[in-house]
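One structure below.
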Amino acid sequence: MRLIVLTIMIFFLSLQTMAAAPTSFSSAKRIAEAQIYHDQRKTFYCGCRFSFADGPDLASCGYQVRKQPHRAQRVEWEHIMPAYDLGRQRQCWQEGGRRNCRATDAVFRQAEADLHNLVPSIGEVNGDRSNMRYGMSVSRDAYRYGQCQAKVDFSERTFEPPLSVRGDIARTYWYMRDKYGIRISRQQQQLFTAWARQDPIDAWERERDQRIENVQGEANPYVSGGSPVDAASPVGTAKSFKRSAPIRLPSSTLTAFSCASRKTCGAMASCAEATFHLQQCHNTRLDGDRDGVPCESLCR
């Protein structure tokens, strides 16, 4: 009898351990490999077969290396919404970037470790995309990775994903926006709405969402809700997310700038200065699309 009771206790303890949400980016990568993608073997953008031990099989998707053959031989975990976008609106980022946010900001650590925002990618593609915005590239200089349908445009700092994942990207951005209070420009909202219609939710996206909910305790309502596209609020059985605090400029920044002159974006030396002039001086000319982010060339 004792043996049976002990076995049951071990079983439930193991379930609790498996369902523990990640507390850091490092733990999120381990959990994603073991519990989310353990039986999935295709990279996010290019659809290359891969194993976590051996890396991607580039020939399986006709991938053509651009410049980094060694990095192209490994699988990396990519943030669909880049860490830069997770942090740039937060005070910790203004005072010390990603490292400082990891050390001092619990909300940033949670966002960086959110499994909904992590996908396996060819290392070179992850490195090339970096913190580029998603968009449609029209430049002749844009690079396409062989038969992979993704394109990177360094001159326009734009990354164009293949049609097969555009809806996944849109629904992930909306989840991260709602969960962590991250602003998205009006142009991006319009683009993502179109992408979500072009690329409806498929079986793997639903399965992935369910697996992540089993671990984190929270689904992406734009996936689990399941029906019409609505960029303004979650669809279906949406939950009310606890949002992060809006950006607050550090006290040192508040004393470093002055409202004496109403500057244009071209005259701004940094995103912090542009944010000061928008928030403290009410220079709304710096925020042409009214999304709360001034001078997008500096603050994107």
Side-chain angles (χ1 to χ4, degrees), residues 18-25 27-40 42-45 77-87 89 106-121 126 129 133-134 161-185 188-244:
M18 289 178 64
T23 56
S24 68
F25 182 37
S27 65
K29 290 187 286 187
R30 292 192 297 269
I31 292 172
E33 178 178 340
Q35 299 184 48
I36 312 301
Y37 285 90
H38 56 88
D39 57 355
Q40 296 297 312
K42 286 191 176 181
T43 60
F44 184 66
Y45 297 117
W77 290 102
E78 164 141 349
H79 289 96
I80 291 178
M81 177 179 280
Y84 174 77
D85 285 347
L86 303 180
Q89 298 171 15
V107 173
F108 176 84
R109 288 195 298 272
Q110 181 185 1
E112 188 185 33
D114 197 307
L115 294 169
H116 286 291
N117 194 41
L118 291 181
V119 291
S121 176
N126 182 32
R129 191 251 166 154
R133 67 181 181 273
Y134 288 112
L163 175 60
S164 60
V165 298
R166 289 176 190 170
D168 305 55
I169 289 167
R171 289 179 282 272
T172 299
Y173 257 76
W174 291 334
Y175 163 84
M176 297 296 288
R177 176 199 63 187
D178 296 346
K179 174 69 176 176
Y180 301 104
I182 299 169
R183 292 187 292 271
I184 301 175
S185 71
Q188 287 266 283
Q189 294 276 26
Q190 292 171 346
L191 179 69
F192 292 153
T193 299
W195 282 6
R197 291 195 174 103
Q198 291 171 0
D199 174 31
I201 302 164
D202 60 23
W204 163 240
E205 192 177 354
R206 290 186 190 280
E207 174 63 22
R208 174 180 177 272
D209 183 67
Q210 183 61 61
R211 293 181 185 187
I212 293 173
E213 183 180 16
N214 292 342
V215 175
Q216 288 190 176
E218 193 165 56
N220 178 349
Y222 293 96
V223 178
S224 62
S227 52
V229 173
D230 182 357
S233 61
V235 296
T237 56
K239 298 179 181 179
S240 296
F241 292 134
K242 182 180 179 181
R243 298 193 175 196
S244 58

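What you are looking at is a predicted structure, and each value in this text was computed from that prediction instead of being measured.
Note that CG of Leu86 and CE of Met176 are 4.5 Å apart. Values are rounded to the nearest 0.5 Å. A distance of 10.5 Å separates CG of Asp168 from CH2 of Trp204, quoted to the nearest 0.5 Å. To the nearest 0.5 Å, atoms CG (Leu118) and NE2 (His116) are separated by 10.5 Å. A distance of 7.5 Å separates OG1 in Thr193 from CD in Gln190, rounded to the nearest 0.5 Å.
Contact record, Arg211 with Asp39: NH1-OD1, 2.7 Å, taken as the closest heavy-atom pair. Nearest approach of Phe25 to Ala113, heavy atoms of both residues: N-CB, 3.9 Å. The two residues Arg177 and Ile182 come nearest to each other via the heavy atoms CG-O, 3.1 Å. A pairwise comparison of heavy atoms in Val215 and Leu115 identifies CG1-CD1, 3.8 Å as the closest pair. For the residue pair Ala21 and Ile31, the shortest heavy atom distance occurs at C-CD1, 4.4 Å. In terms of heavy-atom proximity, Pro162 sits nearest to Tyr45 at CG-O, 3.1 Å.
Here the side chain of Arg208 pairs no donor or acceptor atom with the backbone of Ile36 at under 3.5 angstrom. A donor-acceptor pair under 3.5 Å links the side-chain atoms of Asp209 to the main chain of Asn220, judged by distance alone. Checking side-chain atoms of Asn117 against main-chain N and O of Met81 turns up a donor-acceptor pair under 3.5 Å. A distance-only check finds no donor-acceptor pair linking the side chain of His79 to the backbone of Ala111 [under 3.5 Å]. Side-chain atoms of Arg129 come within 3.5 Å of backbone atoms of Ile80 as a donor-acceptor pair (strictly under, hydrogens ignored). Under the 3.5 Å distance criterion, the side-chain polar atoms of Gln89 are matched with a main-chain donor or acceptor of Arg183. A donor-acceptor pair under 3.5 Å is absent between the side-chain atoms of Gln198 and the main chain of Arg166, judged by distance alone.
Between Phe44 and Trp77, the gap from one ring centroid to the other reaches at least 6.0 Å. With ring centers used as reference points, Tyr173 lies 6.0 Å or more from Trp195.
With a 4.5 Å cut-off on side-chain heavy atoms, Gln216 and Pro22 count as touching. Residues Thr43 and Glu78 form no side-chain contact, since every pair of their non-hydrogen atoms from C-beta on lies 4.5 Å or further apart. Within the 4.5 Å cutoff, the side chain of Lys179 has heavy atoms near those of the Glu218 side chain.
Between Trp174 and Phe192, the ring-plane angle classifies as perpendicular under the 30° and 60° cut-offs.
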Show your reasoning for whether side chain to side chain donor-acceptor pair (under 3.5 Å) applies to Gln110 and Asp114.
-> CA-CA 6 Å; Gln110 181 185 1; Asp114 197 307; 5.6 Å; no
List the steps, then state whether side chain to side chain contact (heavy atoms under 4.5 Å, CB included) holds for Glu207 with Gln40.
-> CA-CA 11 Å; Glu207 174 63 22; Gln40 296 297 312; 6.0 Å; no
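Heavy atoms from other residues, nucleotides or ligands lying under 6.0 Å from NZ of Lys29 number more than 12.
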